[in-house]
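First the structure, in the form of structure tokens, and then the observations on it.
In this text the structure is predicted, and so the values were computed from the model without any measurement. Atoms within each ligand, like the ligands themselves, are counted from 1 in listed order. Values reported hereafter were calculated over all heavy atoms of this structure, with side chains retained and with hydrogens, waters and symmetry mates removed.
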Amino acid sequence: MTDLNSQKQAALEAIAAAGTLDALEEQRLAALGKKGWISLALKTLGQMSPEERQQAAPAIQAIRAEVADALATKKSDLESAELNARLASERLDLTLPGPDMPRGTVHPVSQVMDELAEIFADLGFAVATGPEIEDDWHNFTALNMDESHPARAMHDTFYFPESDNDADGNRMLLRTHTSPVQIRSMVAQGAPIRIIAPGRVYRSDSDATHTPMFHQIEGLVIDRGIHLGHLKWTLETFLKAFFEREDIVLRLRPSYFPFTEPSVEVDVGFEVVDGKRVLGGDGDAPGHGWMELLGSGVVNRRVIEFAGLDPDEWQGFAFGVGVDRLAMLKYGMDDLRAFFDGDVRWLQHYGFSPFDQPTLSAGVGAKA
Ligand code: DAH
């Protein structure tokens with residue numbers, strides 16, 4: 001017993017002196033491990049007489065408990081010391097200014113598309129997409145422009161060589177408008193439909209207001225009993241939300257598109273402020289005017305038929321508008337070509353913070 005007591009004394013001193021968790025583990029193994037001195041002492045109990053055992057067992061258990069306690073206490077001391085050391089060395093000062101890194105901005109076209117998606121989502125419209133490499137049937141024929149239709153010539157189409165025709169012999173092309181997404185949506189989902197389709201379109205045309213690639217957004221509603229009144233209300237609601245003005249006034253002018261009947265061209269009243277046209281107000285008022293903004297109409301029953309729906313059951317309205325044009329009008333740029341130059345200075349000036357997501361509650365117009 002005296003032997004065990006002095007071993008215990010030595011062990012408690014070694015435990016107290018252990019400076020690391022590893023050193024402490026060594027002490028635990030030496031005492032309580034399989035071959036540790038306490039484990040060995042416990043094994044000797046088996047060879048003792050019952051009287052000897054009755055005396056020795058509680059003594060050895062007491063030593064075991066004392067050493068185990070000392071190990072546990074030391075372990076938690078060492079662990080909290082280690083944690084404190086890590087907290088001290090890994091501390092971050094969150095009040096330091098952020099590093100001076102190049103900061104990207106959101107392109108006005110992306111910003112406007114996000115704004116439009118937000119406005120139309122609130123009206124129950126989903127966002128639909130279609131391919132930019134389109135076939136002749138979706139881009140023209142199904143939109144009531146067969147091969148001989150004169151409206152085709154107005155589109156300055158980029159065609160692919162005939163060797164790239166699709167399996168049905170359709171000529172491939174870069175879509176000239178987002179209207180083929182109308183057809184794709186009707187074919188894919190049937191009716192009813194409420195979608196907008198923003199995206200890139202291509203025409204062989206280039207000057208200050210035309211670039212070979214530009215952006216449109218298409219709108220399509222297909223349901224029962226749809227008429228021009230639904231179109232007018234939707235466009236008015238959308239334009240008021242987009243331009244953040246209640247005094248947006250629309251003028252619907254009869255027009256012609258092969259895929260709508262009747263077709264209407266929509267003008268918006270503007271006033272001139274500091275030499276710039278600003279949308280809002282009655283275009284007929286003195287000093288005001290009308291600006292042509294978008295094309296729209298009631299979906300031609302031939303188009304509904306082409307897309308595989310019954311035009312006696314389903315009607316709809318559609319509209320198409322230039323996204324770049326909307327951005328220029330809202331944010332005051334005057335040269336479309338700059339949109340696609342990738343000039344960082346232009347982007348710093350006209351771009352938007354990625355943190356400034358358009359939301360209806362905050363007013364979709366981000367502060368540039
Ligand atoms: N697709 C036409 C264009 O690019 C725009 C357009 C006009 C779209 C009338 C429509 C519409 O959906 O109804 O010139």
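- A salt bridge links D312 with R301: the distance from a Lys NZ or Arg NE/NH1/NH2 to an Asp or Glu carboxylate oxygen falls below 4.0 Å.
- Short contacts between ligand 1 and F259, defined as distances under 4.0 Å to a heavy atom of the residue, involve ligand atoms 1 (N), 2 (C), 6 (C), 7 (C), 8 (C), 9 (C), 10 (C), 11 (C).
- Scanning all heavy atoms of the two residues, the minimum distance from K74 to A18 falls at CE-O, 3.1 Å.
- Heavy atoms from other residues, nucleotides or ligands lying under 6.0 Å from CD of E313 number more than 12.
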Point to revise | Verdict with reasoning, Q7 to I63, per side-chain contact (heavy atoms from CB on, under 4.5 Å) | key: CA-CA 10 Å; Q7 270 182 298; I63 288 173; over 6 Å; no
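- Within the 4.0 Å heavy-atom criterion, the part of S179 lying near ligand 1 is the side chain and not the backbone.
- Salt bridge annotation for E271-R245: present, with a cationic side-chain nitrogen under 4.0 angstrom from a carboxylate oxygen.
- Close approach to T260 involves these atoms of ligand 1, each under 4.0 Å from a residue heavy atom: 13 (O).
- The protein heavy atom nearest to atom 12 (O) of ligand 1 is E218 OE2, 2.6 Å.
- In terms of protein heavy-atom proximity, atom 5 (C) of ligand 1 is nearest to G320 CA, 4.2 Å.
- A 4.5 Å side-chain heavy-atom check between N300 and T260 finds every atom pair outside the cut-off.
- Listed by atom number, the atoms of ligand 1 under 4.0 Å from G297 heavy atoms are 13 (O).
- For G219, no nitrogen or oxygen atom sits less than 3.5 Å from a nitrogen or oxygen atom of ligand 1, counting backbone and side chain alike.
- In terms of polar-atom proximity, T176 is not counted as a contact of ligand 1, lacking any N or O under 3.5 Å from an N or O of the ligand.
- Given atom 14 (O) of ligand 1, the protein heavy atom at minimum distance is R203 NH2, 3.7 Å.
- Taking every heavy atom of G295 and a limit of under 4.0 angstrom, the matching atoms of ligand 1 come to 7 (C), 9 (C), 11 (C).
- Every atom of ligand 1 with a heavy atom of Q182 under 4.0 Å away is listed here by number and element: 12 (O).
- Electrostatic pairing of D267 and R253 counts as a salt bridge here, judged by a charged N lying under 4.0 Å from a carboxylate O.
- Salt-bridge annotation for D146 and R302: absent, with no side-chain N of the basic residue lying under 4.0 Å from a carboxylate O of the acidic one.
- Counting the atoms of ligand 1 from 1 in the order shown, those under 4.0 Å from a heavy atom of F257 are 7 (C), 9 (C).
- Listed by atom number, the atoms of ligand 1 under 4.0 Å from Q216 heavy atoms are 3 (C), 4 (O).
- Ligand-side atoms of ligand 1 in range of A318: 12 (O), 13 (O), range being under 4.0 angstrom from any heavy atom.
- The number of heavy atoms from other shown groups lying within 6.0 Å of CG (L45) is above 12.
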